[in-house]
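What follows is a set of notes on a single structure, which appears directly below.
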Amino acid sequence: MHFSIGILTLSDKGARGEREDESGRIIGEMVASLGEIRRYEVIPDDEERIVEVLVEWSDRDCLDLILTTGGTGLTQRDITPQATARVLDYEVPGMAEAMRAASLAKTPHAMLSRALAGVRRQTLIVNLPGSPKGVRENLEVVLPALPHGLAKLKGDPSDCAR
Ligand SMILES: Nc1ncnc2c1ncn2[C@@H]1O[C@H](COP(=O)(O)OP(=O)(O)OP(=O)(O)O)[C@@H](O)[C@H]1O
Ligand SMILES: Nc1nc2c(c(=O)[nH]1)N[C@H]1C(S)=C(S)[C@@H](COP(=O)(O)O)O[C@H]1N2
């Protein structure tokens with residue numbers, strides 16, 4: 001089954017063009033076999049803007065999957081989990097737990113990620129950390145479960161013309 005995917009990079013430096021979005025590129029490569037990258041944006045760590053994009057990509061664009069990278073840490077500018085929580089109908093805690101558990105085996109810094117995963121209407125939203133290493137190591141944990149999970153979601157009744 002082929003899925004529609006959005007990649008949302010949350011980065012003040014990236015949004016200012018001060019840094020290439022290597023992590024967004026890595027995500028695109030890792031999910032290429034899952035479907036089509038239908039949306040991609042690099043935006044600042046601005047909570048209202050993140051909420052707006054997540055709602056748009058889910059409710060208007062009916063994406064099957066949105067992967068965010070960045071802004072899941074401890075600083076005041078790290079607000080991706082807060083924005084994500086505001087748009088979710090319900091969380092899928094097992095995915096975030098699995099990512100942190102597997103990551104802890106690699107780095108104690110993994111406990112610093114407040115990443116969330118959950119569903120809005122028929123869209124699965126998964127937060128990933130910002131570093132390329134963090135993205136790779138967390139995405140490889142959830143990737144095997146995505147085809148089944150996304151297929152189940154796609155089977156739900158939806159007013160999304162997709
Ligand atoms: N180690 C890194 N190497 C390359 N790019 C990185 C690295 N860490 C973060 N990034 C980029 O910054 C984005 C945001 O990640 P994160 O929030 O961890 O970094 P940040 O330094 O707080 O970002 P910013 O200050 O730009 O908001 C990532 O999606 C990625 O594009
Ligand atoms: N697997 C894995 N998880 C990881 C990391 C990593 O390098 N590998 N980085 C950690 C670090 S250093 C931080 S600060 C948190 C939050 O990262 P973010 O602020 O870039 O979202 O993710 C953590 N999770």
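As the structure is a prediction and not an experimental result, all values here were calculated from the model. Counting starts at 1 for both ligands and their atoms, following the listed order.
When each atom of ligand 2 is checked for a heavy atom of Gly70 under 4.0 Å away, the hits are 21 (O).
Looking only at heavy atoms of the protein, atom 6 (C) of ligand 2 is closest to Gly134 CA, 3.6 Å. Remark: minimum distance from atom 7 (O) of ligand 2 to any protein heavy atom is reached at Lys133 NZ, 3.4 Å. Looking at atom 14 (S) of ligand 2, its nearest protein heavy atom turns out to be Leu112 CB, 4.2 Å. Annotation: atom 19 (O) of ligand 2 to nearest protein heavy atom, Gly73 N, 3.0 Å. Here the heavy atom of the protein found nearest to atom 16 (C) of ligand 2 is Thr72 OG1, 3.2 Å. Of the protein's non-hydrogen atoms, His109 O, 3.5 Å is the one closest to atom 10 (C) of ligand 2. Atom 8 (N) of ligand 2 has Glu137 OE1, 2.8 Å as its closest protein atom, hydrogens excluded (heavy atom only). When hydrogens are left out, the protein atom nearest atom 3 (N) of ligand 2 is Asn138 ND2, 3.1 Å; that is the closest non-hydrogen contact. Ranking protein heavy atoms by distance to atom 29 (O) of ligand 1, first place goes to Thr69 OG1, 3.0 Å.
In terms of modelled atom types and a separation under 3.5 Å, the side chain of Thr69 and the main chain of Pro129 share a donor-acceptor contact. One N or O on the side chain of Asp78 and one on the backbone of Thr75 form a donor-acceptor pair closer than 3.5 Å. Ser4 contributes a side-chain N or O that, together with a main-chain N or O of Asp64, makes up a donor-acceptor pair within less than 3.5 Å. Glu97 contributes no side-chain N or O that, together with a main-chain N or O of Val92, makes up a donor-acceptor pair within less than 3.5 Å.
Under the 3.5 Å distance criterion, with hydrogens and angles disregarded, a donor-acceptor pair is assigned to the side chains of Asn138 and Ser103. When only modelled atom types and interatomic distance are considered, Thr80 and Thr72 share no side-chain donor-acceptor pair under 3.5 Å. Side-chain atoms of Asp21 and Thr9 include a donor-acceptor pair closer than 3.5 Å.
Contact between Ser131 and Ser23 at its shortest, heavy atoms only, is C-OG, 3.5 Å. Scanning all heavy atoms of the two residues, the minimum distance from Leu153 to Tyr90 falls at CD2-OH, 4.3 Å.
Atom CD of Glu36 sits in a crowded spot, with more than 12 heavy atoms from other residues, nucleotides or ligands closer than 6.0 Å.
Checked against a 3.5 angstrom limit, the closest N/O atoms of Glu22 and ligand 1 fall outside it. Between Gly71 and ligand 1, a contact under 3.5 Å exists for at least one N or O pair. Note: an N/O pair closer than 3.5 Å links Arg19 and ligand 1 by distance alone. Ligand 1 has no nitrogen or oxygen under 3.5 angstrom from a nitrogen or oxygen of Glu20. When only interatomic distances are considered, the shortest N/O to N/O separation between Ser103 and ligand 2 falls below 3.5 Å.
At a threshold of 4.0 Å, the pair Arg121-Asp156 does not count as salt-bridged, since none of the basic side-chain nitrogens sits closer than that to a carboxylate oxygen.
Under the 4.0 angstrom criterion, atom 22 (O) of ligand 1 counts as lacking any protein heavy-atom contact.
In this structure, Pro132 is part of the shell of residues with a heavy atom less than 4.0 angstrom from ligand 1. Taking 4.0 Å as the cut-off, Lys106 does not count as a neighbour of ligand 2 on heavy-atom distance.
Taking all heavy atoms of Ser131, Gly130, Gly134 into account, the minimum distance to atom 16 (P) of ligand 1 is reached by Gly130. Comparing Gly130, Pro132, Ala110 by heavy-atom distance to atom 20 (O) of ligand 2, the nearest is Gly130.
Just one of Val126, Ile27, Leu10 meets the side chain to side chain contact (heavy atoms under 4.5 Å, CB included) condition when paired with Thr68; it is Leu10.
Counting heavy atoms from C-beta outward, Met30 and Ile26 have side chains that approach closer than 4.5 Å. In this structure the side chain of Arg120 reaches within 4.5 angstrom of the side chain of Ile125, judged on heavy atoms.
The proximity of Asp12 to ligand 1, defined as any non-hydrogen pair under 4.0 Å, involves the side chain as well as the backbone. Here Thr107 has side-chain heavy atoms under 4.0 Å from ligand 2, and that is the only part of it that gets that close. Under 4.0 Å from ligand 1, not a single heavy atom of Thr72 appears.
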